Amino acid sequence: MPVQNAEIAALFDQAAELLEIKGDNPFRSRAYRRAARLIEGLPKSVTSLLKAGEDLSELPGIGKDLAGKIAAIVTTGKFDLLESLKDELPGDLGEIAALPGLGPKRVKLLYDKLGVRSIEDLYRAAKAGRLRELRGFGPKSEAKLLAALAKPPSQKRFKLAMAEAEAEALVSFLRPGLDKARVVVAGSYRRRRDTVGDLDILVAAHRNAAVGDRLSKYENVANVLAHGPTRTTVVLRSGLQVDLRVVPEQSYGAALMYFTGSKAHNIARRALANERGWKLNEYGLFDGERRIAGATEEDVYGKLDLAFVPLELREDRGEVVLAKKKRLPKLVSLSDIRGDLHVHSEWSDGTVPIADMAAAARERGYAYMAITDHSQRVTIAHGLDPARLSRQIDEVDRLNDELEGFVVLKGVEVDILADGRLDLPDKILSRLDVVVAAVHYKFDLSRQSQTERIIRAMDNRNMSILAHPTGRLIGEREPYDVDMERVIAAARERGCHLEVNAEPERLDLTDVHAQAAKSMGVKVAISTDAHTTAALGYMRFGVDQARRGWLESGDVINTRPLGELKKLLKH
DNA sequence: GCCGTTTTCGGCCCGACTGTTTTCAGTCG
């Protein structure tokens, strides 16, 4: 059975976690984590690489040992190291270590001294005031943990990119049994929400239990929850739930609409049907018993005298009214994008030389790309100090001399220091075409301090774009507390732009904030923050979120030709 | 566990910050 890259990565991450807790050689656990990231980022599955006879130990960070372990996982499904680590350290230690403020050492201490093996154990110990008995713990850390534990466990949602990988594999598995029947993933996935709770797969066919049979035999199915003639519900090994629905051809459009949602959008649409004395449901639009539309979405919208509403807008955020007036926005699309304004190279924590990134960007049909490596404060990424940045500027100049029909813009992703100063002197920043600035440390300032810190950074006239403005990592790190409305207003006053970071873990600005920026007259840059050439392809996820934020091409600075863009970057 | 014109051992991006201590371990990125 084909093992997915993400599964291997997850196994390696778990092993790394337990090795850290155990106190093993830290470089050993780092090797597992590094390998996990590499595997996640591979354009092909290791299963197919192995099948093609590729030597995995040629991959950077994979040696003989790890290559062997990967092969064992792929062929036998077994990962002996993890099994023995789990025997040695039973419990949900990984879950505990994920809590803020708890790392491997303290998890081990809790485990050894208080027998904490689960979140429940931890809660009881903290509640009883026993944590403060431990060296290194005090009342504050106890209170912080209790606060973290008091938060209701957020219902698990999956990042869009991850759901997409699952969905594409699943659809291509289902399709062969279905001739020319349409198979579409609906729901929030189709609306391109940044996270999805489950996959709603719609198949146009007559009552066809065979599709459901096929789904329940999918190799990644962990559990079949329900299985009937028109509907099958399963849970995949990843934990993602899948609902498969089979609807007749003549209802397909109405069903697609219904299962695409959102619920609020459906309600608004149904109200319009009711106004005419009609009925709208997943089987069609009905005048009495007579179906007057239903085969396609266009059909249904048309009969309701509505313009076709782009998927990303179906949230009942005003789109139904505009659809009625036939005045929906013409949303930005991937083909409008002319360049990427946030890209890393091996000068900091990227993986390839600037020239390689430029070549890859050019292959995507772009006219320009800004190279924006980290600044000195971000030591972990080997950030640039003024001297190295100056040398990089020279290198970009040389590179541009060789390039025709493509321009590499000189830039930096400069860290915003705690007091709002930028991490590099104005003298060097003023030599750049693009200054992307971002917060990387001190996430826990008060709302007011954080907001003022960021606004102060924008006071620097060299700053062009505020990158990943809230710092969130989906499912992993909450956004820092910041008054985004004030930030947007300040950006407006200063001619600064905000980023829609397209990296699937970030998608920051969110759709909602992007729309807020537009409504306040602030333009955005949709940028990938790519550290590899493959990651330049994340652009489409950023475009999805921009579309959800109602952005049109005119709202996005990197849809502009270079000359116009350069004017926008000055303020 | 990986890696190697510094090559088969001995390194491996490391500095800031917090809450705990009373000089620093642990966490974070």
Side-chain angles (χ1 to χ4, degrees), chain A residues 8 11-13 15-39 55-72 79-82 85 96-113 131-148 344 346-351 373-385 388 413 415-419 421 423 438-445 449 467-468 471-473 476-478 480 503 505-506 529 531:
Chain A
I8 297 177
L11 290 172
F12 279 10
D13 276 329
E17 190 85 63
L18 290 176
L19 284 168
E20 280 170 8
I21 292 168
K22 191 183 154 193
D24 206 293
N25 177 0
F27 297 104
R28 192 178 171 209
S29 55
R30 193 180 297 174
Y32 279 97
R33 288 205 192 275
R34 184 176 175 214
R37 298 292 79 73
L38 176 98
I39 292 164
D55 182 3
L56 297 183
S57 71
E58 286 188 17
L59 295 168
I62 308 284
K64 267 208 159 114
D65 184 84
L66 286 181
K69 288 191 165 93
I70 294 168
F79 184 21
D80 294 337
L81 172 69
L82 183 58
L85 284 168
I96 298 170
L99 289 166
L102 286 190
K105 296 282 166 52
R106 304 178 111 192
V107 170
K108 184 67 165 34
L109 195 66
L110 289 165
Y111 181 89
D112 285 338
K113 301 287 182 190
L131 299 194
R132 64 186 72 182
E133 302 167 12
L134 301 178
R135 188 178 179 79
F137 283 85
K140 275 197 177 178
S141 37
E142 208 169 57
K144 266 193 169 179
L145 275 174
L146 277 171
H344 294 273
E346 65 180 6
W347 283 70
S348 63
D349 58 351
T351 57
D373 276 311
H374 286 285
S375 63
Q376 53 196 4
R377 170 71 177 77
V378 187
T379 47
I380 189 161
H382 198 38
L384 305 180
D385 60 17
R388 288 182 67 222
E413 180 183 2
D415 185 58
I416 297 174
L417 302 173
D419 60 3
R421 282 177 304 126
D423 183 35
V439 167
H440 297 95
Y441 301 97
K442 297 284 285 182
F443 284 11
D444 58 351
L445 296 183
S449 306
H468 39 78
R472 75 154 176 178
L473 293 177
E476 284 164 39
R477 185 174 70 205
E478 293 294 311
Y480 40 73
E503 217 280 327
E505 292 212 316
R506 292 191 182 270
D529 203 350
H531 289 69

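These numbers were taken from a predicted model, which means no experiment stands behind them.
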Shortest side-chain distance from A/Asp65, nucleotide among B/dG26, B/dC2, B/dC12: B/dC2
Using whole Å, what does the distance between atom [atom2] of nucleotide [N] and atom [atom1] of [X] come to?
| X | N | atom1 | atom2 | value |
| --- | --- | --- | --- | --- |
| A/Gln376 | B/dC13 | CD | C1' | 15 Å |
| A/Ile62 | B/dG4 | CD1 | P | 14 Å |
| A/Phe27 | B/dC3 | CZ | P | 15 Å |
| A/Leu82 | B/dG1 | CG | C1' | 16 Å |
| A/Glu58 | B/dG4 | CD | P | 12 Å |
| A/Leu384 | B/dC13 | CG | C1' | 14 Å |
| A/Asp80 | B/dG1 | CG | P | 12 Å |
| A/Arg34 | B/dC3 | CZ | P | 7 Å |

CG-OG distance between A/Asp419 and A/Ser449, expressed to the nearest 0.5 angstrom: 11.5 Å
Answer with base, sugar-phosphate or nothing: what part of the nucleic acid does [X] contact at a heavy-atom distance below 4.0 Å?
| X | answer |
| --- | --- |
| A/Arg132 | nothing |
| A/Pro104 | sugar-phosphate |
| A/Asp349 | nothing |

With rounding to the closest Å, how many angstrom separate the [atom1] atoms on [N] and [M]?
| N | M | atom1 | result |
| --- | --- | --- | --- |
| B/dG1 | B/dT8 | C1' | 14 Å |
| B/dG10 | B/dT18 | C1' | 33 Å |
| B/dC13 | B/dG4 | P | 13 Å |

Below 4.0 Å: OP1/OP2 of B/dG29 and any side-chain N or O of A/Arg477: yes
Partner of A/Glu17 by salt bridge (charged side-chain N to carboxylate O under 4.0 Å, His left out), out of A/Arg30, A/Lys108, A/Arg33: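 The single option meeting the salt bridge (charged side-chain N to carboxylate O under 4.0 Å, His left out) with A/Glu17 is A/Arg33.
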Residue mapping more 5' on DNA chain B - nearest nucleotide basis, A/Phe443 or A/Ser57: A/Ser57
Annotated protein contacts, base or backbone, on nucleotides 14-20 of chain B with a non-hydrogen cut-off under 4.0 Å, one of B, S, - each: -SSSSSS
Do [X] and [Y] come within less than 4.5 Å of each other through their side chains, counting heavy atoms only?
| X | Y | result |
| --- | --- | --- |
| A/Lys113 | A/Arg135 | no |
| A/His382 | A/Asp349 | no |
| A/Val378 | A/Tyr441 | yes |

A/Lys105 vs A/Glu20, side-chain contact (heavy atoms from CB on, under 4.5 Å): CA-CA, chis, key distance, verdict: CA-CA 8 Å; A/Lys105 296 282 166 52; A/Glu20 280 170 8; over 6 Å; no
Who pairs with B/dT8 - Watson-Crick or G-U, where each distance is under 3.5 Å: none
For A/Asp415, the option from A/Arg377, A/His440, A/Arg421 that meets side chain to side chain donor-acceptor pair (under 3.5 Å): A/His440
